[in-house]
Amino acid sequence: MNPLQKAAASILCAIFVSMVLATFLLPAPYARQFRDIPNAGPSTAHPLGTDALGRDSLSRLLYGTRVSLLLAPAAAFLSALIAALLGSIAGLLGGWFERIVLAATDLSLALPWLFLLLVVRAMLPLDVPPLVSVVIAFLMMGLLGWQASVRVICAAARGVRDSDFLLLARSSGCKPARLLLCQVAPNLRPLFYTQFFISIPLFILTEANLSILGLGVMEPMPSWGNLMRGFEDFSALSANPWRLVPLFLLVIVVMCFQLVLPSQEVSQ
Amino acid sequence: MIRRFAVLLMLTLALCWPAFLRAESAGQSGGELHFCLRGEPKTFNPLLVEEDASETIRYLTGGVLIRLNRQTQALESGLAVSWKISDEGRKISFRLRSGLHFSDGTSFTAEDVAYTIKALMDPQLHSPTGDSFRSGEGQVVVQTPSSDAVILTFPAPIAGLERLFDQVAILSAHSPKKEMAVLGPFYVADYNPGSYVLLRRNTNYWRKDKEGRPLPYLDSIRLDIQRNRDIELLRFRRGEIHLINALDADYFDRLQKESPAAAHDAGPGLDSEQLWFNQVYGAPLPENKKIWFRTTEFRKAISMAINRADLSRIVFGGHAHPAFGPVSPANHFWFNSSLPIPQYDSAGALRLLAQAGFRLEGRTLRDSSGNRVEFTVITNSGNKSREQMVAMIQQDLSQIGIKVNLVTLDFPSLIERITRTYDYEACLLGLVNTDLDPNSQMNVWLSSAENHQWNPKQSKPATAWEAELDRLMHAQSSATTDKKRKSDWDKVQQIVADQQPFIYLVNKDAMSAISPAVVGSSPSVLDPHAFWNADVLRLGPDPALGAQK
């Protein structure tokens with residue numbers, strides 16, 4: 001692990017520790033409103049200032065980190081896993097199975113999923129606890145967000161299908177399941193990781209958009225997504241640049257993941 | 001030779017003098033006003049108007065018999081010099097201005113008024129404006145005893161009859177241009193779908209200013225079709241448009257920081273934001289919650305525990321005022337000023353709840369059966385201010401041990417729940433009110449009405465106070481004098497304040513943006529806020545924020 005990777009790992013550890021210990025580190029409960037100081041700048045009492053309702057921004061960021069950093073990667077992992085399974089099997093088998101999977105992917109891409117999500121939200125009981133509602137939203141994202149990755153992984157698996165080492169393994173009598181797990185999967189793993197990391201910020205931002213439609217994280221619970229909803233007011237942002245902290249945190253986390261994980265690949 | 005030259009010169013001057021006068025007049029007026037429509041106008045037929053963009057065009061182009069002055073809220077003569085209501089509100093007689101012409105030169109007579117009223121009341125046309133005039137079974141009788149007199153007789157009395165004519169733009173009975181021939185200050189000269197509507201000055205417009213100069217001053221108005229409010233504000237800041245008729249609090253604050261002279265807050269408007277509980281008997285809710293919601297003390301306690309001043313100050317940046325009832329203080333005549341102003345009092349709310357059998361255990365409020373008091377408020381998704389209001393209500397009610405959840409739904413799902421399935425506990429929405437007259441709220445206060453949101457479409461009133469509301473609303477609608485109507489409507493407001501079926505939260509201010517280049521503007525709380533006096537607006541030079549070419 002080079003120094004840069006060590007630094008990235010340390011940052012990630014620090015973020016995860018602060019996320020886990022958020023309850024003890026919070027300057028104030030994330031939902032408490034200090035109504036005399038809405039939209040306040042940074043101070044000793046509120047290091048990142050307050051939001052439009054006077055809630056402590058640092059508390060909301062730390063608690064929002066917990067929501068986003070646990071659920072967005074989980075959704076990204078789920079969608080990448082579905083994509084890896086479908087894409088690699090389709091790429092390896094080829095023929096009618098591949099055509100069916102790719103046609104299903106195209107069809108799935110063409111469907112208006114947003115309306116499905118709206119229908120799901122409309123069908124949910126209104127007294128579902130906010131946390132359960134959030135988990136459902138991320139689960140839906142994970143189950144519905146695999147289509148773009150399938151095509152990429154399928155194309156890579158198609159390349160592996162005709163490779164010499166796979167031909168050698170087949171001729172040695174290697175069974176299909178072993179072929180998939182021991183020969184194909186390690187070769188497709190970097191691609192899987194890439195798809196996984198691409199999906200994390202995508203799901204965080206998707207959650208922000210879904211919040212606007214009433215499908216994401218509801219008030220007063222914070223998440224990176226709904227903290228970033230405030231970015232639509234550019235003039236307020238330029239006047240209060242500290243509000244960009246959730247965005248910086250998102251960029252840092254994604255970069256750190258990108259820096260740390262290739263080292264695992266190399267070490268293997 | 002010199003004499004002949006002098007005579008020729010004088011003759012030339014005499015011939016050219018009117019032209020000089022016109023040029024001087026045009027120098028004082030002229031210019032093209034620019035602003036945005038927030039949607040495509042669906043019709044240019046003034047009788048079929050039902051959305052904002054078409055309403056703007058109707059207001060600017062239509063000539064009406066009686067005009068409501070948006071500033072004084074008084075009725076003023078328009079195409080009618082005078083009018084008289086008789087036969088207990090069934091009959092109205094107009095004396096018309098004579099010698100007027102439509103924009104295409106066609107003469108204006110009583111026949112045009114008769115033609116317009118017949119078209120308006122034609123059931124085949126389905127005119128939304130005409131619906132206000134349908135008072136009972138039977139035909140409207142239109143008589144034209146002379147070319148400048150019209151008598152309309154309705155089958156049943158109509159409360160506030162003369163006020164309704166502010167919405168009726170008179171059509172020409174004979175013009176080949178049909179509804180494009182108008183009597184208002186401007187006419188539609190060009191329309192490029194998706195892009196703009198160009199209105200030009202109607203040179204046949206009847207009004208003149210105090211000096212006797214013809215109105216309007218403006219040469220034309222260009223209405224750019226722009227749905228995006230951010231772009232609209234950006235264009236205003238660049239000086240590409242001269243006014244924004246309605247601004248949200250966020251946009252207002254942004255603009256006020258940059259250009260204080262351009263941001264106008266006319267004070268509390270007619271629109272309100274309110275919360276209500278589902279009191280429908282057949283609603284799929286737990287029985288204990290139905291009992292809470294039907295308990296007057298519970299509703300009054302919730303109302304008392306909400307800090308409206310904070311809602312106004314924080315969510316709307318001070319550009320809203322606490323609301324107490326169905327009529328905004330902006331409605332000068334119909335507002336019941338004797339209603340007590342409710343104060344934020346969480347201790348008082350707890351006392352009221354205790355009277356109704358609720359008790360506070362630690363930080364949790366429980367009903368007499370020991371159930372935790374918790375409910376979910378639904379509102380439409382994407383509305384930041386409503387989400388913030390609910391977040392503030394969550395904190396306010398947590399002070400008295402009540403847990404409030406928020407669920408935002410897309411609008412069709414929300415409407416489905418509040419009008420068909422009744423599968424909700426409480427709802428926060430706004431009411432856009434454009435009419436001053438209480439008659440426009442019949443569809444809210446009658447227990448049989450569809451918009452009687454807390455318990456709509458009742459076959460008979462569920463409570464004694466709703467029966468009393470029904471009686472008072474019918475009484476005010478059939479009363480012949482405004483004094484009697486006001487008395488009945490005041491009682492309605494009192495009952496609403498006592499029973500809190502709607503918990504009114506705030507009246508939003510009427511805010512607009514008007515470039516300092518626009519001379520003669522006088523923003524009003526009534527719509528259209530910024531251009532209600534479009535015929536006397538003109539453009540002057542302004543180096544800071546002008547949109548002149």
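Predicted model only: the values in this text are computed from it and were never measured. Chain identifiers are assigned alphabetically (A, B, ...) following the order of the sequence lines, protein sequences preceding nucleic acid strands; residue numbering begins at 1 within each chain.
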Using non-hydrogen atoms only, which part of [X] is less than 4.5 Å away from chain A: side chain, backbone, both, or neither?
X: B:Leu414; value: neither
X: B:Phe375; value: neither
X: B:Gln388; value: both

Check: If you check every heavy atom in residues 42-57 of chain A against those of chain B, which residues fall under 4.5 Å?
Finding: A:Ala52, A:Leu53, A:Arg55
Pick from [options]: which one has the most heavy-atom pairs with chain A under 4.5 Å?
options: B:Met392, B:Gln394, B:Lys257; answer: B:Met392
options: B:Asp396, B:Asp423, B:Asp253; answer: B:Asp396
options: B:Glu416, B:Gln395, B:Arg417; answer: B:Gln395

Take a 6.0 Å sphere around [atom1] of [X] and say whether it holds more than 12 heavy atoms from other residues, nucleotides or ligands.
X: B:Gln399; atom1: CD; answer: yes
X: A:Phe34; atom1: CZ; answer: yes
X: B:Arg366; atom1: CZ; answer: yes

Check: Say you draw a straight line from CG of A:Asp36 to CD1 of B:Ile314; how long is it, rounded to the nearest 0.5 Å?
Finding: 7.5 Å
Next item on the list: Keeping the roles fixed (side chain from A:Arg35, backbone from B:Arg313), state whether a donor-acceptor pair exists under 3.5 Å.
Entry: no
Check: Are the side chain of A:Gln33 and the backbone of B:Ala391 linked by a donor-acceptor contact shorter than 3.5 Å?
Finding: yes
